[in-house]
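Input: a single structure, listed below in structure tokens.
Numbers for residues simply follow the sequence, beginning at 1. In what follows, every heavy atom counts, from backbone to side chain, and hydrogens, waters and symmetry copies are set aside. Counting starts at 1 for both ligands and their atoms, following the listed order.
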Amino acid sequence: MQHPLVVAVDGPAGSGKSSVSKAVARRLGYGFLDTGAAYRALAWHVAQSDVDPEDTAAVIGSLDAFEYGIGTDPDGYRVHVGEHDVTEAIREPRISGIVSAVARVPEVRAHLIGLFRAIIAAEARPGIVVEGRDITTVVAPDARVRILLTASEEVRMSRRAAELAGHDAAATGAQLRARDQADSKVVDFLNAADGVTLVDSTELDFGQTIDAVISVIRAADER
Ligand SMILES: Nc1ncnc2c1ncn2[C@@H]1O[C@H](COP(=O)(O)OP(=O)(O)O)[C@@H](O)[C@H]1O
Ligand SMILES: Nc1ccn([C@@H]2O[C@H](COP(=O)(O)OP(=O)(O)O)[C@@H](O)[C@H]2O)c(=O)n1
């Protein structure tokens with residue numbers, strides 16, 4: 001028996017991974033880990049250090065001074081880099097615009113994957129919902145529950161645009177599409193790998209999507 005029970009959730013930008021996983025964790029009394037936040041926090045750190053995100057060697061060099069802090073409480077979710085609370089700053093379009101360049105570096109991925117595995121292993125709650133792009137395939141391929149959460153591109157764009165009210169909706173949509181294209185060259189999060197259950201939220205509202213994910217977890221529990 002695996003401790004904690006790991007629920008791995010992957011999917012493209014705006015599919016609902018973060019909000020749905022957090023709500024599922026809350027409902028089940030599980031921990032929650034947003035792995036994209038770590039890539040975003042590193043992109044923030046790179047920008048803060050005036051490092052060119054396209055300069056691979058400099059990005060790798062910046063890992064040494066990257067003091068990342070994140071908890072797994074779905075209710076008290078804050079992201080820190082050193083003393084800085086970057087929870088809101090890492091969601092800004094200027095960070096979304098450079099995060100893929102940082103995330104494609106293999107040394108960066110190896111470093112952060114080690115961190116994620118340590119956080120998962122240290123989880124004290126009975127389970128943890130971990131969401132990202134390569135959780136079902138690379139970070140936790142042995143997870144008890146593996147889900148690919150998708151939604152049509154149109155729906156994902158309109159959800160993200162609603163969230164970033166005040167920013168240009170067309171620019172937000174174009175950035176989301178460009179980021180998915182860049183990210184999908186590094187890991188495949190558009191097709192469900194063997195043993196991964198597809199949950200398509202295009203026609204589901206938020207509550208129905210949470211219920212769909214919980215049904216997959218319950219079904220796995222009964223196996
Ligand atoms: N099934 C759904 N129906 C309507 N809105 C949703 C649904 N799932 C997620 N959302 C909303 O869409 C937005 C993007 O979700 P988010 O969890 O940030 O996606 P991701 O982490 O995959 O990028 C959020 O504002 C969230 O509340
Ligand atoms: N497991 C992961 C999670 C995120 N990422 C990278 O981190 C970025 C931000 O991830 P995110 O999950 O916060 O993005 P959204 O889908 O929430 O917009 C992605 O665009 C990827 O470049 C990754 O490479 N692998």
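- Once rounded to the nearest 0.5 Å, the distance linking CG of L148 with NZ of K17 reads 9.5 Å.
- The proximity of P12 to ligand 1, defined as any non-hydrogen pair under 4.0 Å, is limited to the backbone.
- A salt bridge is defined here as a Lys NZ or Arg NE, NH1 or NH2 lying under 4.0 Å from an Asp or Glu carboxylate O, and R91 with D34 meets this definition.
- A salt bridge is absent between R146 and D10; no separation between the charged side-chain nitrogens and carboxylate oxygens falls under 4.0 Å.
- Considering each of K22, R160, K17, the one bringing a non-hydrogen atom nearest atom 18 (O) of ligand 1 is R160.
- In terms of protein heavy atoms, atom 1 (N) of ligand 1 is closest to T209 OG1, 2.8 Å.
- In summary, K185 and D180 do not engage in a salt bridge, as defined by a charged side-chain N under 4.0 Å from a carboxylate O.
- Protein heavy atom nearest atom 27 (O) of ligand 1, with residue, atom name and distance: S19 OG, 3.8 Å.
- For residues 161-170, the salt bridge (charged side-chain N to carboxylate O under 4.0 Å, His left out) pairs, not counting sequence neighbours, are R160-E163.
- When all heavy atoms are compared, the tightest approach of I98 to A43 is CD1-O, 3.6 Å.
- Below 4.0 Å from some heavy atom of F206 lie the following atoms of ligand 1, by number and element: 1 (N), 2 (C), 3 (N), 7 (C), 8 (N), 9 (C).
- With respect to atom 7 (C) of ligand 1, the closest heavy atom belonging to the protein is R159 CZ, 3.5 Å.
- Residue E163 holds the heavy atom nearest to atom 25 (O) of ligand 1 of all those in Q208, E163, E131.
- Considering only non-hydrogen protein atoms, atom 21 (O) of ligand 1 sits nearest to S18 N, 2.9 Å.
- To the nearest 0.5 angstrom, D211 atom CG is 8.5 Å from T209 atom OG1.
- In this structure, S15 counts as a contact residue of ligand 1, since one of its heavy atoms falls inside 4.0 Å of the ligand.
- Counting heavy atoms under 4.0 Å from ligand 1, residue R156 does not touch it at all.
- Atoms CD1 and OG, from I128 and S21 in turn, are 10.5 Å apart once rounded to the nearest 0.5 Å.
- With a 4.0 Å heavy-atom cut-off, ligand 1 is reached by the backbone of D205 but not by any atom from C-beta on.
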Write 'none' if nothing qualifies; otherwise put on separate lines each N/O atom of ligand 2 with a protein N/O atom under 3.5 Å away and their distance to 0.1 Å.
unit_1: ligand 2; atom_1: 1 (N); unit_2: T35; atom_2: OG1; d: 3.1
unit_1: ligand 2; atom_1: 1 (N); unit_2: R133; atom_2: N; d: 3.0
unit_1: ligand 2; atom_1: 1 (N); unit_2: D134; atom_2: OD1; d: 2.9
unit_1: ligand 2; atom_1: 12 (O); unit_2: R133; atom_2: NH1; d: 3.1
unit_1: ligand 2; atom_1: 13 (O); unit_2: R40; atom_2: NE; d: 2.7
unit_1: ligand 2; atom_1: 14 (O); unit_2: R40; atom_2: NH2; d: 3.4
unit_1: ligand 2; atom_1: 14 (O); unit_2: R133; atom_2: NH2; d: 3.3
unit_1: ligand 2; atom_1: 14 (O); unit_2: R179; atom_2: NH1; d: 3.2
unit_1: ligand 2; atom_1: 16 (O); unit_2: K17; atom_2: NZ; d: 3.0
unit_1: ligand 2; atom_1: 16 (O); unit_2: R133; atom_2: NH2; d: 3.0
unit_1: ligand 2; atom_1: 18 (O); unit_2: R40; atom_2: NH2; d: 3.1
unit_1: ligand 2; atom_1: 18 (O); unit_2: R160; atom_2: NH1; d: 2.7
unit_1: ligand 2; atom_1: 18 (O); unit_2: R179; atom_2: NH1; d: 3.3
unit_1: ligand 2; atom_1: 18 (O); unit_2: R179; atom_2: NH2; d: 2.7
unit_1: ligand 2; atom_1: 20 (O); unit_2: R179; atom_2: NH1; d: 2.8
unit_1: ligand 2; atom_1: 20 (O); unit_2: D183; atom_2: OD2; d: 2.5
unit_1: ligand 2; atom_1: 22 (O); unit_2: D183; atom_2: OD1; d: 2.7
unit_1: ligand 2; atom_1: 22 (O); unit_2: D183; atom_2: OD2; d: 3.3
unit_1: ligand 2; atom_1: 24 (O); unit_2: R109; atom_2: NH1; d: 2.7
unit_1: ligand 2; atom_1: 24 (O); unit_2: R109; atom_2: NH2; d: 3.3
unit_1: ligand 2; atom_1: 25 (N); unit_2: R109; atom_2: NH2; d: 3.0

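- Checked for salt-bridge contact, E88 and R78 meet the test: a charged N lies under 4.0 Å from a carboxylate O.
- For a threshold of 3.5 Å applied to N or O pairs, the pair formed by G14 and ligand 1 contains at least one separation below that value.
- With values rounded to the nearest 0.5 angstrom, F189 atom CZ is found 5.0 Å from D183 atom CG.
- Note that OH of Y30 is 16.0 Å distant from CG of D73, once rounded to the nearest 0.5 Å.
- For the 3.5 Å distance criterion, the side chains of R125 and T72 qualify, holding a donor opposite an acceptor.
- If you check which protein heavy atom lies closest to atom 19 (O) of ligand 1, you get G16 N, 3.1 Å.
- Those atoms of ligand 1 that come under 4.0 Å of a heavy atom in L204, given as number and element, are 1 (N), 2 (C), 3 (N).
- Between R40 and S96, the side chains place a donor N or O and an acceptor N or O closer than 3.5 Å (distance only, hydrogens not considered).
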